[in-house]
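Worksheet: one structure, shown below.
Sequence positions, counted from 1, serve as the residue numbers for this chain.
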Amino acid sequence: FATRYPERTRAVIMYGAFARGTRSADHPWGLSSRGYDAWLDQLIADWGGPASIEYFAPTMADDDEFRQGWARYLRAAATPGSIRGILEVLRDIDVRDVLGNIQAPTLVLHRRGDRVSRAGAGEDMARRIPGAQFRLLEGDDHWWFLGDRQSVLDAIGNFIRELPPP
């Protein structure tokens with residue numbers, strides 16, 4: 001969106017994001033295609049339960065109430081077939097070639113221990129976007145609202161307050 005409609009983009013904020021779905025010689029932060037497919041097959045096999053909670057929310061993986069809520073959320077959010085389709089697109093994505101075209105002020109946030117999207121992938125993305133800021137936050141959970149969510153909100157708030165007037 002930011003590259004296609006720069007006149008409609010005031011700023012870009014990304015959290016736990018990546019530009020390429022799998023590992024390559026010049027992108028060592030993802031899973032191999034084979035590893036990704038194995039993870040996806042296991043996720044689908046576990047669908048209906050707290051699938052991959054140890055990756056998305058490791059600090060909550062032993063909390064029974066959270067595990068039950070996570071499982072309910074997954075069942076309500078997508079069918080196994082629809083999530084497979086979405087995650088196959090993410091596996092095959094590579095938008096690194098367009099990142100240099102982003103003109104809007106950009107903030108890329110990552111947690112140091114995120115197992116879904118490695119911090120190096122976010123740092124690489126920020127380096128490819130002219131003038132982007134990269135903020136490495138402490139924590140292991142992929143979801144911003146778990147763990148130290150205040151650090152995420154503070155980083156976003158500070159970034160927004162520093163934006164030039166529209």
Side-chain angles (χ1 to χ4, degrees), residues 1-4 12-63 66-102 106-149 151-152 155:
F1 186 90
T3 61
R4 187 164 288 184
V12 175
I13 300 172
M14 292 183 264
Y15 171 86
F18 52 86
R20 180 180 165 90
T22 55
R23 182 175 53 228
S24 66
D26 60 348
H27 184 81
W29 304 282
L31 294 171
S32 67
S33 292
R34 180 177 285 164
Y36 190 101
D37 288 343
W39 168 76
L40 180 55
D41 288 344
Q42 187 63 55
L43 177 79
I44 298 303
D46 294 343
W47 205 256
S52 285
I53 192 172
E54 67 277 8
Y55 295 103
F56 289 95
T59 65
M60 301 301 289
D62 294 327
D63 183 307
F66 188 85
R67 291 173 64 80
Q68 291 172 22
W70 176 252
R72 279 192 308 276
Y73 169 77
L74 294 180
R75 289 190 303 270
T79 65
S82 65
I83 198 65
R84 179 178 291 281
I86 290 167
L87 292 175
E88 285 174 347
V89 168
L90 287 177
R91 177 197 60 211
D92 299 335
I93 200 164
D94 188 349
V95 297
R96 294 176 297 165
D97 61 331
V98 300
L99 294 175
N101 298 329
I102 295 176
T106 301
L107 173 64
V108 179
L109 299 168
H110 244 84
R111 284 199 174 137
R112 185 179 306 277
D114 189 336
R115 294 176 65 196
V116 173
S117 178
R118 306 287 179 172
E123 192 171 12
D124 179 67
M125 220 168 50
R127 276 195 302 267
R128 294 171 185 270
I129 300 169
Q133 298 176 36
F134 178 74
R135 296 285 183 269
L136 183 60
L137 306 173
E138 293 303 319
D140 298 324
D141 294 306
H142 178 67
W143 300 120
W144 73 269
F145 52 84
L146 296 175
D148 181 12
R149 60 185 164 262
S151 66
V152 177

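Under 4.0 Å is where a charged nitrogen must lie from a carboxylate oxygen, and between Asp41 and Arg84 at least one such pair does. Contact check on Asp124 versus Arg127 returns a salt bridge, with a Lys/Arg side-chain nitrogen under 4.0 Å from an Asp/Glu carboxylate oxygen.
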CA sep, side-chain torsions, deciding dist, call: Asp140, Thr59, side-chain hydrogen bond (donor to acceptor under 3.5 Å, both in side chains)
CA-CA 7 Å; Asp140 298 324; Thr59 65; over 6 Å; no
Before you tell me yes or no, could you show the steps for Asp148 and Leu137 under side chain to side chain contact (heavy atoms under 4.5 Å, CB included), namely the whole-Å CA-CA distance, both residues' side-chain angles and the distance that decides it to 0.1 Å?
CA-CA 9 Å; Asp148 181 12; Leu137 306 173; over 6 Å; no
Please report the C-alpha distance between His142 and Ser52 in whole Å, then the side-chain angles of each, then the deciding distance to 0.1 Å, and finally whether the side chain to side chain contact (heavy atoms under 4.5 Å, CB included) criterion is met.
CA-CA 11 Å; His142 178 67; Ser52 285; over 6 Å; no
Can His110 and Ser117 be said to form a side chain to side chain contact (heavy atoms under 4.5 Å, CB included), step by step?
CA-CA 8 Å; His110 244 84; Ser117 178; 3.2 Å; yes
Decide side chain to side chain contact (heavy atoms under 4.5 Å, CB included) for Phe1 and Val12; before the verdict, give the C-alpha distance in whole Å, the side-chain angles of both, and the deciding distance to 0.1 Å.
CA-CA 10 Å; Phe1 186 90; Val12 175; over 6 Å; no
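To the nearest 0.5 Å, the span separating CG on Asp37 from OG on Ser32 amounts to 8.5 Å. Atom CE of residue Met14 and atom CD1 of residue Ile102 lie 5.0 Å apart, to the nearest 0.5 angstrom. Between the OH atom of Tyr15 and the CZ atom of Arg111 there is a distance of 3.5 Å, given to the nearest 0.5 Å. Taking CG of Leu87 as the start and CG of Leu40 as the end, the distance is 5.5 Å to the nearest 0.5 Å. Taken to the nearest 0.5 Å, the CD atom of Glu54 stands 8.0 Å off from the CZ atom of Arg67. Taking OH from Tyr55 and CG from Leu43, the interatomic distance works out to 10.5 Å, rounded to the nearest 0.5 Å.
Contact detail for Phe134 and Gly122: the closest heavy-atom pair is CE1-C, 3.5 Å. Scanning all heavy atoms of the two residues, the minimum distance from Phe66 to Ile53 falls at CD2-CD1, 3.6 Å. Of all the heavy atoms in Asp141 and Gly147, the pair that sits closest is OD2-N, 3.8 Å. Taking all atoms of both residues into account, the shortest heavy-atom contact from Gly120 to Trp29 is CA-NE1, 3.3 Å. Shown here for Ala78 and Ile83, the closest heavy-atom pair between the two residues is CB-CB, 4.1 Å. Here the shortest heavy-atom pairing between Thr22 and His27 reads O-CD2, 3.4 Å.
In terms of modelled atom types and a separation under 3.5 Å, the side chain of Arg135 and the main chain of Leu107 share no donor-acceptor contact. No donor-acceptor pair under 3.5 Å is formed between the side chain of Trp144 and the backbone N or O of Arg149.
Using a 30° and 60° split on the angle between ring planes, Tyr36 and Trp39 fall in the perpendicular class, above 60°. Taking the six-membered ring where tryptophan is involved, the planes of Trp143 and Phe145 are essentially parallel, since the angle between them stays under 30° and well short of 60°.
Other residues, nucleotides and ligands contribute over 12 non-hydrogen atoms within 6.0 Å of the CG atom of Asp97.
Counting only heavy atoms from C-beta outward, the side chains of Glu88 and Arg91 approach each other to under 4.5 Å.
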